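Report on the following structure.
Keep in mind that what you see is a predicted model, and the values were worked out from it rather than measured. Residue numbers begin at 1 in each chain, while the letters A, B, ... track the order of the sequences. Worth knowing before you read on, the calculation uses all heavy atoms, side chains too, and leaves out hydrogens, waters and symmetry mates.
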Amino acid sequence: GESVGLHLPTLSVQEGDNSIINCAYSNSASDYFIWYKQESGKGPQFIIDIRSNMDKRQGQRVTVLLNKTVKHLSLQIAATQPGDSAVYFCAEVSGNTPLVFGKGTRLSVIA
Amino acid sequence: DAGVIQSPRHEVTEMGQEVTLRCKPISGHNSLFWYRQTMMRGLELLIYFNNNVPIDDSGMPEDRFSAKMPNASFSTLKIQPSEPRDSAVYFCASSRDMNTEAFFGQGTRLTVV
């Protein structure tokens with residue numbers, strides 16, 4: 001799910017299917033993680049968060065999974081809808097340092 | 001609450017001119033962040049404040065960039081003189097504390113020609 005250079009990785013999903021967006025975070029000391037959604041022309045919007053003492057958290061149609069052993073975070077979106085099309089960022093926080101963002105993954109929902 | 005408010009939404013300026021971007025954080029939030037977003041580099045943290053005090057400005061690209069937070073409800077990011085490579089979307093975000101979720105404004109799209 002992380003991008004390299006100019007191009008964001010893109011995930012194309014059929015409407016109604018489930019989406020899984022992955023993120024590899026960098027700091028083993030990070031203790032708080034957030035997924036953001038950014039639609040075109042807008043700022044990043046909070047979706048769901050998870051602290052390091054948990055490995056799963058569910059919201060409305062979204063689930064975040066945390067695997068601290070391999071420093072991996074995923075966002076699962078159930079029954080993906082056209083309105084879910086956006087760029088998704090994971091962000092990590094360590095102690096009292098600010099959010100560090102990944103490069104993002106573009107989700108494209110095919111109607 | 002209206003959320004984080006940034007102005008202007010769009011700014012087009014000529015190289016060499018001074019540019020000032022403005023931000024009103026969410027009331028009650030103690031931390032404020034300035035980010036820059038480009039296709040090449042993604043979201044970069046430029047500087048952040050806690051209780052109106054600048055904590056870390058190591059992300060500010062050059063001395064041409066400066067930021068202030070004179071009070072809890074207002075911050076500015078200034079570029080003087082501006083250059084074409086400063087063209088980007090600049091976001092302001094605020095949070096209750098350093099380690100809670102940040103809420104972003106709509107951003108200022110800056111174009112330096």
More than 12 heavy atoms from other groups under 6.0 Å of [atom1] on [X]:
| X | atom1 | value |
| --- | --- | --- |
| A/Gln60 | CD | no |
| B/Lys68 | NZ | no |
| B/Asp63 | CG | no |

If Ile, Leu, Val, Met, Phe, Trp and Tyr residues are connected whenever their side-chain heavy atoms lie under 4.5 Å apart, and connections chain through other members, are B/Ile55 and B/Met69 in the same group?
no

Check for me, please, whether A/Phe101 and B/Tyr90 land in the same ILVMFWY cluster - side-chain distances under 4.5 Å, paths through other members count.
no

Assert top hit (heavy-atom pairs under 4.5 Å, partner chain A, pool B/Glu44, B/Gln37, B/Arg9) equals B/Gln37

Flag side-chain contact, heavy atom, 4.5 Å: B/Arg41 against A/Lys103
no

Applying a strict 4.5 Å limit to non-hydrogen atoms, the region of B/Gln6 in contact with chain A is neither

Is B/Arg109 in contact with chain A via its backbone, its side chain, both, or neither, using a 4.5 Å heavy-atom distance?
neither

Below 4.5 Å from any heavy atom of chain B, which atoms of [X] appear? Answer side chain, backbone, both or neither.
| X | value |
| --- | --- |
| A/Gln45 | neither |
| A/Ile34 | side chain |
| A/Thr97 | backbone |

List, one per line, each side-chain donor-acceptor pair under 3.5 Å for residues 97-106 of chain B, sequence neighbours excluded.
unit_1	atom_1	unit_2	atom_2	d
B/Thr100	OG1	B/Asp97	N	3.2
B/Thr100	OG1	B/Asp97	O	3.1
B/Glu101	OE1	A/Tyr32	OH	3.3

Heavy atoms of A/Leu99 and B/Tyr35 approach each other most closely as O-OH, 3.3 Å

Nearest heavy-atom pair of A/Gly43 and B/Phe91: which atoms, and what distance?
CA-CE2, 3.2 Å

Co-members of A/Ile20 in a cluster of I, L, V, M, F, W and Y side chains, linked at under 4.5 Å:
none

